[in-house]
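Residue numbers start at 1 and run along the sequence shown. One-based numbering, in listed order, for ligands and for the atoms of each.
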Amino acid sequence: MSGDIFVVFEHLRGQIADISYIMLAAARDLAQTTGGEVIGVLLGHNAQDIVSHVAADRVLYGDHPALADFNPEGYANTLSGLIQAEGPRAVFFGSTSIGADIAGVLSARLGLPLVGSCIQIGEGNIISKICGGKIMVETVLADDDTTLITMIPGGYKPAQGQSETPPTATPFEVSIDSLRISLKQYIEPEAGDVDISSEKVLIAIGRGIQTADNIELAQELAELLGGAVCASRPVVDQGWLPATRLVGKSGKSVKPKLYLALGISGAPEHVEGMADAEMVVAINMDPNAPIFNVATYGAEIDLFDLIDPLIEKLEAAA
Ligand SMILES: Cc1cc2nc3c(=O)[nH]c(=O)nc-3n(C[C@H](O)[C@H](O)[C@H](O)COP(=O)(O)OP(=O)(O)OC[C@H]3O[C@@H](n4cnc5c(N)ncnc54)[C@H](O)[C@@H]3O)c2cc1C
C-alpha cells in the first residue's frame, strides 16, 4: 500500500464541482499527518483542462469516450483497477449522488472499509457528522487497507482546495469494452421561478416557520431586504414553496452575501447547499442546533419574536 491519498473528482459539463475542492482541502489536511501525495483522479473525455485550479500534487487522468459523462459502471470498473494497482492510503469521494453511487460499490467489490459523511480531518483521523448533525464520530484510518471516505461540505471552503498552479496530469490506461448503462439526456429543472442560486440575499425558512400562512412574513422580509425566500426540505415537501426554492443536497446550492436561516436545524443535507454563503445569520430556539456551527452570527430566540420588529425597523428605514 502506498501512502498517497486519492481524490476522485466530480465534474459536470466542463466544471469541477465544489465538493472536489472541499475533498482536496481535507486530503491535504490528512496528508500532513499521514504523509504521501495528494493525487486527484479525473475520469472524463477531453477534460484535462478542467483541473487547472485543483490543489493536488498531481492528477491521474483516465480518458475514454465512455467516461465523457458520469457513468456508475464505467467509473466503478475503472476505479477498481486503479485502486488495486496503486493501493492508495485513502480515497475521497463526494457524499453526493455520484460519490454514493460508486463508493459503496467499490467497498463491496474490493472489500475495503468505507467511512461516510466526513466533514473534517482531526489529527490524522476522520471526523464524520451523522444523524442530522447530532452525532460526531471519529474514525482511525485502517492500517493495512485502503480506506474509502465520502465527504460532506461544511468543514472546509472550496477555496482551500484551489491553487493557481496547475498540477501535472498523467494519463493512465482505461480499458472499457461495453457498458450496460449510458446517459440518454440531461433533464433541466423547470424554469420560470426565481433563481435562488443567483440571489444576493436569501431568507431561508425551515420547519420552524410552522404554517404556510407564516411564509408571508418571510416574503415581506425578503422584499424589504431586496432578496428572495428559499427553504429547507420540510417546507417544500409540505407544498408550501415550489421545489425550485429548495436548498441542499436534493435542491440548489446557493452562495448569497446574506443567508438568514429562520427555524432551520442545519442538517448536513441542507448545509451542503448553503455552506458557501458569505454570511450566515441563524435564528433558532435550540442552542444545540447544528446550524449555529456554520453561522457567522446566531441568535437563540423564537423567530416570531424577531420577524415583526425587524420588518418594522426596515420599513422605518426605507
Ligand atoms: C437523501 C436526503 C436528501 C435530503 N435533501 C435535503 C435538501 O436538499 N435540503 C434540505 O433542507 N433537507 C434535505 N434533507 C432533509 C434533511 O435531512 C433534514 O430533515 C431537513 O433539512 C430538516 O429541515 P428543517 O431544518 O427545516 O427541520 P428540522 O430539522 O425539524 O428543524 C427545525 C428547526 O426549527 C427550530 N425552531 C422551531 N420553532 C422555532 C421558532 N419558533 N423559532 C426559532 N426556531 C424554531 C427547531 O429548534 C429546529 O432546529 C434530505 C434528507 C435526505 C435523507
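- The proximity of Leu246 to ligand 1, defined as any non-hydrogen pair under 4.0 Å, is limited to the side chain.
- The same ILVMFWY cluster, assembled from side-chain heavy atoms under 4.5 Å apart, contains both Leu221 and Val281.
- Scored by the side chain to side chain donor-acceptor pair (under 3.5 Å) test, Gln32 finds no partners at all (sequence neighbours excluded).
- Note that CG of Asp18 and CD of Glu272 are 11.0 Å apart. Values are rounded to the nearest 0.5 Å.
- For atom 53 (C) of ligand 1, the candidate residues are Glu300, Lys252, Glu269; the nearest heavy-atom contact is made by Glu269.
- Close approach to Ser250 involves these atoms of ligand 1, each under 4.0 Å from a residue heavy atom: 3 (C), 4 (C), 5 (N), 6 (C), 7 (C), 8 (O).
- Proximity of Pro234 to ligand 1, defined as any heavy-atom pair under 4.0 Å, is confined to the side chain (atoms from C-beta onward).
- Here is the list of ligand 1 atoms found below 4.0 Å of a heavy atom in Ser232: 11 (O), 23 (O), 24 (P), 26 (O).
- Using a non-hydrogen distance threshold of 4.0 Å, Gly273 does not register as a contact of ligand 1.
- Counting the atoms of ligand 1 from 1 in the order shown, those under 4.0 Å from a heavy atom of Lys249 are 3 (C), 5 (N), 7 (C), 8 (O).
- Taking the side chain as every heavy atom from C-beta outward, Leu30 and Leu141 approach each other to under 4.5 Å.
- Annotation for ligand 1: atoms under 4.0 Å from non-hydrogen atoms of Gly206 are 26 (O).
- Contacts of Ser265 with ligand 1, taken as heavy-atom pairs under 4.0 Å, involve both backbone and side chain.
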*Start with the C-alpha gap between Asn293 and Lys129, add the side-chain angles, then the distance that decides, and say whether side-chain contact (heavy atoms from CB on, under 4.5 Å) holds.*
CA-CA 12 Å; Asn293 299 334; Lys129 196 173 178 182; 4.2 Å; yes
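- If you check each of Asp286, Asn214, Asn284, Ile283 against atom 48 (C) of ligand 1, the one with the closest non-hydrogen atom is Asn284.
- Linking Ile, Leu, Val, Met, Phe, Trp and Tyr residues whenever their side-chain heavy atoms come within less than 4.5 Å leaves Ile209 and Val194 in two separate clusters.
- Nearest-residue assignment for atom 34 (O) of ligand 1 (options Ala243, Ala289, Gly263; heavy-atom criterion): Gly263.
- Across Lys157, Lys257, Lys200, Lys255, a single residue satisfies salt bridge (charged side-chain N to carboxylate O under 4.0 Å, His left out) together with Glu278, and that is Lys257.
- Under a 4.0 Å criterion applied to the non-hydrogen atoms of Ile301, ligand 1 contributes the atoms 42 (N), 43 (C).
- With ligand atoms numbered from 1 in the order given, ligand 1 contributes 7 (C), 8 (O), 9 (N), 10 (C), 11 (O) to contacts under 4.0 Å with heavy atoms of Val247.
- The N/O atoms of Ala231, backbone and side chain alike, include none that comes under 3.5 Å of an N/O atom in ligand 1.
- Contacts between Gln210 and ligand 1 below 4.0 angstrom, taking non-hydrogen atoms only, involve the side chain exclusively.
- The minimum heavy-atom distance linking Asp145 with Gly111 is given by the pair OD2-O, 4.3 Å.
- Residue contact annotation: Ile209 has no non-hydrogen atom under 4.0 Å from ligand 1.
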*asked:* Between Arg89 and Thr34, is the side chain to side chain donor-acceptor pair (under 3.5 Å) condition met? List the steps.
replied: CA-CA 9 Å; Arg89 184 83 209 269; Thr34 60; 5.1 Å; no
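- By the 6.0 Å and 45° rule, Arg28 does not stack over the aromatic ring of Tyr156.
- Using a 4.0 Å cut-off to heavy atoms of Ala267, the atoms of ligand 1 that qualify are 16 (C), 17 (O), 18 (C), 21 (O).
- The contact set between ligand 1 and Asp302, taken as ligand atoms under 4.0 Å from a residue heavy atom, comprises 40 (C), 41 (N), 42 (N).
- Considering all non-hydrogen atoms of both residues, Ala55 and Val38 come closest at O-CG1, 4.5 Å.
- Within the 4.0 Å heavy-atom criterion, neither part of Ile291 lies near ligand 1.
- In this structure, Glu300 and Met285 approach most closely via the heavy-atom pair CG-O, 3.7 Å.
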